Structure formats: C-alpha cells, structure tokens
There are 2 protein chains.
Amino acid sequence: MARRRQSVTIKHVAADAGVSLQTVSRVINNEANVRPQMKERVQASIDKLGYIPSIAAQRMSGSRSYLILALNDRERTIEDWRSRQGSDWVDQMLYGGMLKCAEYGYRLIFELVDTHNDHVERELQAAIAALQPDGVILTPPHSDNPLITGVLREHNIPFAQIGSEGAGGGIPLIMGDEGAAHLATNHLVRLGHKKIGFITGSAEYLLSKWREDGWRGAMDNAGLPTDGLCAEGNFTFKSGLEAARKLLDQPARPTAIIASNDQMALAVLKVAKELGLGVPADLSIISFDNTPATRFAQPPITAIDQPIAATSSRAVELIISAKRGEDLPDAPTVIPAELIERDSTGPAADRSAANSN
Amino acid sequence: MARRRQSVTIKHVAADAGVSLQTVSRVINNEANVRPQMKERVQASIDKLGYIPSIAAQRMSGSRSYLILALNDRERTIEDWRSRQGSDWVDQMLYGGMLKCAEYGYRLIFELVDTHNDHVERELQAAIAALQPDGVILTPPHSDNPLITGVLREHNIPFAQIGSEGAGGGIPLIMGDEGAAHLATNHLVRLGHKKIGFITGSAEYLLSKWREDGWRGAMDNAGLPTDGLCAEGNFTFKSGLEAARKLLDQPARPTAIIASNDQMALAVLKVAKELGLGVPADLSIISFDNTPATRFAQPPITAIDQPIAATSSRAVELIISAKRGEDLPDAPTVIPAELIERDSTGPAADRSAANSN
DNA sequence: ATGAAAGCGCTAACAG
DNA sequence: CTGTTAGCGCTTTCAT
C-alpha cells in the first residue's frame with residue numbers, strides 16, 4: 001500500500017499566503033497576535049487550498065488530539081447489541097456526544113472496557129497511550145471506579161462522570177434520578193394509588209439507590225407506607241419477573257408498580273397478564289429509561305425518560321470548557337428527567353373487593 | 001492544560017532492551033528480520049514498561065493510522081436517533097465493526113455525511129485529512145456515490161461498499177437481498193398464498209430494486225401473477241400506510257404482504273387492524289430488516305434479518321486484507337440473510353368469499 | 001506582531 | 001539481521 005502523505009499541508013498554505021508556518025498555525029488555532037488583515041489573507045489561502053490540519057500532527061507537537069473517548073461497559077453493551085431488545089443507550093450517547101463534538105471540531109470515539117476485571121486499568125492506559133484523548137466520558141457503572149478516575153487524574157485528562165456525584169475528581173453529571181422517582185410516584189399518588197410497589201435496579205449502579213430513595217421519599221411525603229412494597233431487581237427481564245411475582249402474589253397487592261428500568265417493566269406487564277390483571281385497569285406501571293420497547297408494549301408504558309443524549313452533549317461541552325481552562329460548575333450538573341405519559345397508568349382501581357382477602 | 005507527553009515511548013523501550021529504536025519498531029510491527037531471541041528481549045521490555053505505541057506518531061511516519069472510518073447518512077441516522085423507533089442499524093454496525101477492529105488493533109470511527117449535498121466531497125476530504133483512516137466503510141445510500149468513491153480511489157484508501165456490487169472500485173458486500181426476497185415469497189407460497197403483495201423501498205437504495213426483483217422472480221417461478229400487487233414505498237411508516245391502503249383497498253386484495261422494511265410492515269399491520277383484518281388469519285405480513293420493533297409488534301412480525309453486524313465485520317476484515325496487499329475475492333461478498341419466523345405469517349385464508357366480490 | 005529553530009514519537013530508506 | 005539518518009506535519013519555545 002503506497003505511502004499516503006498529506007496532500008496539502010501547513011507549508012503549502014504558508015507558501016501560498018507568503019507567511020511563516022507559525023502564522024498559519026496561529027490562524028488555525030485562533031490565537032491572538034495576528035493582525036486581522038494577515039489573518040484574512042491566511043484564511044483565504046486555507047479556503048482556497050482546502051487545507052485541513054492533520055490531527056495526528058497536531059497531537060504530535062501540541063496538546064490537543066480533538067478526540068474524546070466515551071467509555072462504556074463492554075459486557076453490558078455487547079449483550080445489548082446481541083440481544084437486540086431495542087435498548088438505544090449507545091445511540092443516544094452518540095446522538096448527543098457526536099453532534100456536540102462535531103460543533104467544536106472534535107470527534108467522539110466509542111470505547112468498551114471490562115468492569116469486572118483488573119484489566120480496566122491496563123485497557124484504559126492503552127487507549128490513552130494510543131489515542132491521547134483530550135477528554136473522557138465515563139458512564140455507569142464505571143463512573144466512580146477509582147482505578148479509572150485515578151489513571152485519568154494522573155494523566156491530567158479532563159473527564160465527565162455520568163451518573164456520579166463527582167467522587168474521583170471528574171465533572172459530575174446526573175440525570176435527576178431521585179427527582180424523577182418523585183415524579184413517577186407523585187403521578188401515581190395523584191391517580192389515587194396508595195399501594196405503590198417499587199422494583200430496584202442493580203446495586204452496582206448508584207442511580208439504583210437514587211431511584212429507590214426518590215420513591216421512598218415521595219411515599220413518605222404522601223403519608224404512604226412502603227413496607228413489603230419494595231422488591232429487588234438487577235435490570236434484567238428475568239429479575240423483573242421474580243420481583244413482579246413477589247409484589248403481586250400477596251393478598252394486598254400493589255395497584256401500581258414502578259420498575260427501575262424498561263426491561264423489568266416489561267416483565268411486570270407479563271406477570272400482570274399471567275395473573276389476569278388488566279393494565280392499567282387493575283395495575284398501573286411506570287418504568288425508567290424510556291427505551292423504544294416502552295412504545296411498542298401493549299399497552300405502551302408510561303416511562304421516565306433518561307435524557308442520555310442531552311447529558312452526553314453537556315458532558316462534551318464541559319470537557320471542552322475544562323480543556324480551555326474555563327470555570328466549571330461547583331455542583332453536579334443535573335439534567336432533569338421527564339415523565340412520558342402513555343397508557344400503562346390510570347386511576348387506582350376500587351380495591352374493596354381485593355382488600356377483603 | 002498541561003502538555004501531556006507520552007509517558008513511555010519507543011526510546012525508553014530501546015534503552016531498556018539495549019537495542020536501537022528500529023529494532024523495537026520491527027518488533028512492534030511484527031516484521032521479519034529479527035532474531036527470536038532479540039524479539040523476546042524487546043517484547044519483555046515492552047511488557048515490563050507497559051509500552052503502547054502512539055497512533056499519532058505511527059501515522060506521522062508510517063502509512064498506518066489503525067483507524068477505519070464508517071460512513072453513514074447523516075440525515076437518516078439522526079432521524080433514527082431522534083425518533084427512537086428502535087432501529088438498531090448503528091448498533092449492529094458497531095457490533096460487527098468495532099469488535100472485529102479490536103481484534104486487529106484497529107479502531108472504528110463512526111462518521112456522518114450528507115447525501116443530498118455537494119458538500120459530501122468536502123466533508124470526506126476533511127475527514128480523510130484530519131484522520132488519515134486506513135480504510136473506509138461505505139453504507140447505503142452512499143456506497144455507490146461516485147463523488148465518494150472517486151475521492152477514496154484518489155487517496156488510495158481501501159474501502160468497502162456495503163449494499164453495492166462494486167461499481168466504484170471498492171470491495172463490494174451485499175446481504176443477499178434478492179435471495180432473501182425469494183425466501184420470503186417462497187415461504188408464503190408454501191403457506192398457500194397466491195396473491196402476495198409487495199411494498200418497495202426508496203429507489204435511492206439499490207437494495208430496494210434487488211428486493212423487488214427477488215419477489216417478482218419468486219412469483220414467476222411459482223406461476224403467480226404480480227399485477228396490481230406492487231406498491232411503492234420509501235421506507236417511512238407513512239409511505240407504508242399509503243402503500244398498504246392501496247393494496248388492501250381493492251376487491252381482490254392480497255392475502256399476504258411483504259414490506260421492504262420494518263417500519264412499513266408496522267404500517268401494514270396498522271392498516272390491517274383498521275380494516276378489521278386479522279393477522280395472520282386474514283393477512284400474513286413479512287418485513288425486511290428485523291429491527292427490534294418486529295419483536296414487539298402485535299403479533300410479532302416474521303422478518304428477513306439483515307445481517308449488518310456480520311457484514312460490517314467482514315468489511316473490516318477485507319479492508320485490513322487489502323491494506324496488507326492480500327488477494328481479495330473476485331465477486332461481491334454475499335452475507336446471506338435469514339428468515340426469522342414469528343407470528344405474522346400463517347396459512348392462506350380461504351378466499352372463496354372474498355374472491356366472490 | 002511575526003519568524004526561525006527544535007523536536008514530538010515513530011518508521012522508511014539505507015547502511016553495515 | 002541490526003543500526004543510523006532523515007523526515008512526517010505541526011506546535012512550542014525563543015528570537016526579532
């Protein structure tokens with residue numbers, strides 16, 4: 001394969017504009033100390049020749065690679081891709097992250113790492129050495145991994161921690177999980193529900209606790225008890241099945257259930273059907289995440305939308321700000337989640353009959 | 001932001017192993033002309049120091065960037081991301097492409113370009129200049145765009161053309177669309193269907209024609225007429241609605257419909273419900289693509305799976321082969337599509353009543 | 001405000 | 001087989 005050289009380099013531009021390399025470089029990087037007139041002349045040559053700086057060369061000498069690394073969990077991501085259950089987490093990350101990167105002339109590189117593995121550190125070191133990214137976006141359940149945050153701090157690379165409150169020294173962004181759980185719970189309370197069950201996510205994810213806390217808090221505020229209404233899940237359909245059975249197989253069963261993600265909500269729906277419960281007539285369901293599956297369910301499921309695209313977009317902005325030495329917010333950035341009403345929620349059924357059990 | 005230098009470079013390794021830079025380089029690149037003993041010694045130093053070559057530096061001097069660019073249509077991709085209808089095309093591309101890249105030490109960079117735009121050429125030139133990719137994967141509807149293939153040839157960059165027969169000089173890969181349409185049609189014929197309708201995709205995509213040809217061919221083989229059974233669509237739900245109404249609003253309506261993608265099949269399902277037709281009792285439906293939406297439909301839709309992951313994986317292999325100067329297949333690589341049977345297909349209804357119209 | 005020189009980490013080309 | 005030399009395209013000093 002022939003050796004490919006840059007077709008038009010900074011040298012060509014310099015020659016064409018009759019200035020030094022340095023001046024061209026200054027114009028490219030929008031630095032001070034260039035007379036407007038000079039700048040214009042150089043820019044004209046750049047446009048004329050169609051010059052684009054090589055990021056490899058920029059990275060070699062300077063400190064910028066214009067690359068931002070988005071780190072995701074390998075196991076979970078591959079399983080999502082393989083199973084094709086319609087989780088669009090990756091798409092939404094790219095949607096927000098790539099487009100925002102493009103605005104600033106950056107590129108997002110999507111990278112997978114092993115969580116349950118001592119290699120994380122080595123994998124990350126390798127990615128950093130190979131790519132020299134200008135910033136890294138950490139996603140759950142890696143966001144607070146001290147091995148990862150340690151390496152990043154050591155290399156002095158700005159990083160965003162999505163779903164983290166910022167332990168580790170990065171830029172924390174959260175999607176308002178606790179508030180969202182309030183939203184969901186209150187919505188059900190307003191519909192007249194008194195017994196509102198909750199299925200937790202895996203404890204490995206901080207947001208699992210936030211969501212549970214939000215539900216408990218809202219129940220408290222409404223003066224409603226939570227005893228026997230919380231079942232453990234781990235985000236899988238299977239765990240949702242078990243949790244749903246546990247909640248619904250009791251005499252005084254809940255009239256509504258909030259599931260910590262869509263797959264588990266789908267499982268609740270299935271168990272409801274098995275038990276002959278109408279949704280929403282006998283049981284209301286709300287889920288977290290709002291992946292496409294919620295739209296296609298029968299009935300479509302009311303869900304808390306996880307604003308992944310907005311969050312990764314903001315993460316990119318903050319990383320670039322940090323890179324520029326600009327001030328960052330003191331508190332974690334919160335991207336609020338919204339409740340998307342669909343057909344799986346309705347007024348609480350009159351439970352006098354059922355309660356007579 | 002502090003200037004980040006490579007922490008351990010080829011120099012450190014060379015010093016540690018007591019050899020020249022060049023020898024280390026040879027070991028890294030697995031070149032010939034290194035004594036096994038020497039190689040071992042160098043490798044030991046590499047492992048000891050945790051050395052990883054900088055791709056920026058490799059790209060600067062050598063001819064490899066270890067980057068492969070996957071080009072996708074901006075408009076369509078963003079619309080998919082925005083609408084969240086569960087198309088997992090991007091995910092499947094990444095699934096196949098990224099993992100295969102990782103096997104070879106490459107990285108896949110996902111890039112969006114405008115189709116309907118003279119900028120394509122400039123956009124591509126910019127991406128090439130900035131990234132210097134070792135290869136490019138073209139996806140429909142760009143695969144045969146002469147502006148794109150021209151630029152790529154000019155730069156001598158190997159490229160795969162997914163969904164193309166190879167006009168343009170790249171490496172063609174097709175997903176057996178015509179054969180798949182046969183598969184779908186024959187499946188329906190075996191179920192006793194005689195009037196099998198077809199909804200085309202947008203003419204912008206070559207595969208639209210292949211799918212239609214496959215249907216026509218299979219109908220011919222079965223001695224079945226196709227008059228009035230073909231309706232035009234353009235892959236959108238809306239166009240599917242119109243096409244379905246056209247096909248089903250006639251007296252001698254088809255007992256089965258093949259839609260050129262899932263969204264249009266969903267539309268057929270909707271129209272069937274409006275008309276009070278049972279699926280599959282009164283109407284069988286088969287779709288192309290097999291995105292997650294097909295699983296969630298009521299009933300789940302029998303679909304031709306588009307093997308995107310396998311295809312992009314193979315595309316990466318072929319690009320790397322080409323890069324190495326290895327021989328490539330003469331004919332387009334065909335990744336055969338499979339029929340996934342679900343509940344939207346069944347035996348043809350007895351149409352004596354309907355036919356009496 | 002601009003230019004000249006030095007070097008980033010690596011590999012191609014050539015010696016030996 | 002191994003080492004030496006000369007850049008790749010760009011940005012950082014440091015002059016002017």
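As a basis for the values below, the full set of heavy atoms in this structure was taken, side chains included, without hydrogen atoms, waters or symmetry mates. For clarity, every value in this text was computed on a predicted model and none was experimentally measured. Reminder, nothing fancy here: chain letters follow the sequence lines and each chain counts from 1.
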With sequence neighbours left out, which residue pairs that include part of residues 309-332 of chain A fulfil the ring-ring contact (aromatic ring centres under 6.0 Å, His included) condition? none

Contacts of K48(B) meeting salt bridge (charged side-chain N to carboxylate O under 4.0 Å, His left out) (sequence neighbours excluded), chain-then-number -> D16(B)

Bend angle of the helix from dA1(C)-dT16(D) to dG16(C)-dC1(D) from five-pair axes at both ends, rounded to 10°? 30°

What residue among N145(B), V113(B), L152(B) forms side chain to side chain contact (heavy atoms under 4.5 Å, CB included) with L124(B)? L152(B)

What is the distance, rounded to the nearest whole Å, between atom CE of M60(A) and atom P of dC10(D)? 12 Å

Separation of atom CD1 in I55(A) from atom P in dT11(D), rounded to whole Å: 12 Å

Specify the separation, in whole Å, of atom CD1 of I52(A) and atom P of dG9(D). 15 Å

Is S54(A) close enough to dC10(D) that one of its side-chain N or O atoms is under 4.0 Å from OP1 or OP2 there? no

Rounded to whole angstrom units, what separation is found between the CZ atom of R59(B) and the P atom of dC10(D)? 11 Å

Figure out the CZ/C1' separation between R64(B) and dC8(D), and round it to whole Å. 14 Å

Close residues, residues 42-50 of chain B, relative to DNA chain C [heavy-atom separation under 4.0 Å]: none

To the nearest Å, give me how far apart CD1 (I10(A)) and P (dG3(C)) are. 12 Å

Show the distances under 3.5 angstrom between N or O atoms of the protein and N or O atoms of nucleotides 1-4 of chain D.
unit_1 : atom_1 : unit_2 : atom_2 : d
dT2(D) : OP1    : R35(B) : NE     : 2.9
dT2(D) : OP1    : R35(B) : NH2    : 2.8
dT2(D) : OP2    : R35(B) : N      : 2.7
dT2(D) : O4     : R26(B) : NH2    : 3.4
dG3(D) : OP2    : S20(B) : N      : 3.1
dG3(D) : OP2    : S20(B) : OG     : 3.1
dG3(D) : OP2    : T23(B) : OG1    : 2.6
dG3(D) : N7     : R26(B) : NH1    : 3.3
dG3(D) : O6     : R26(B) : NH2    : 2.7

Suppose we screen for ring-ring contact (aromatic ring centres under 6.0 Å, His included). Which residues come up paired with Y66(B), at least two apart in sequence or across chains? Y106(B)

Listed by chain and number, what are the side chain to side chain contact (heavy atoms under 4.5 Å, CB included) partners of T333(B), not counting sequence neighbours? L173(B), R314(B), L318(B), P329(B), I335(B)

How long is the gap from CG on L138(B) to OG on S164(B), to the nearest 0.5 Å? 8.5 Å

For E79(B), the salt bridge (charged side-chain N to carboxylate O under 4.0 Å, His left out) test, sequence neighbours excluded, returns R82(B)

Which pairs with one or both residues in residues 9-64 of chain A pass ring-ring contact (aromatic ring centres under 6.0 Å, His included), sequence neighbours excluded? none

Distance below 4.0 Å between Y66(A) side-chain N/O and dC10(D) OP1 or OP2: no

For atom NZ of K11(B) and atom C1' of dC10(C), their distance in whole Å: 10 Å

note: L131(B), atom CG; dC8(D), atom P; distance rounded to Å ~ 21 Å

Salt bridge (charged side-chain N to carboxylate O under 4.0 Å, His left out) partners of E123(A), counting only residues at least two apart: R74(A)

Partners meeting salt bridge (charged side-chain N to carboxylate O under 4.0 Å, His left out) with R41(B) (sequence neighbours left out): none

Partner set under side chain to side chain donor-acceptor pair (under 3.5 Å) for N33(B), not counting sequence neighbours: none

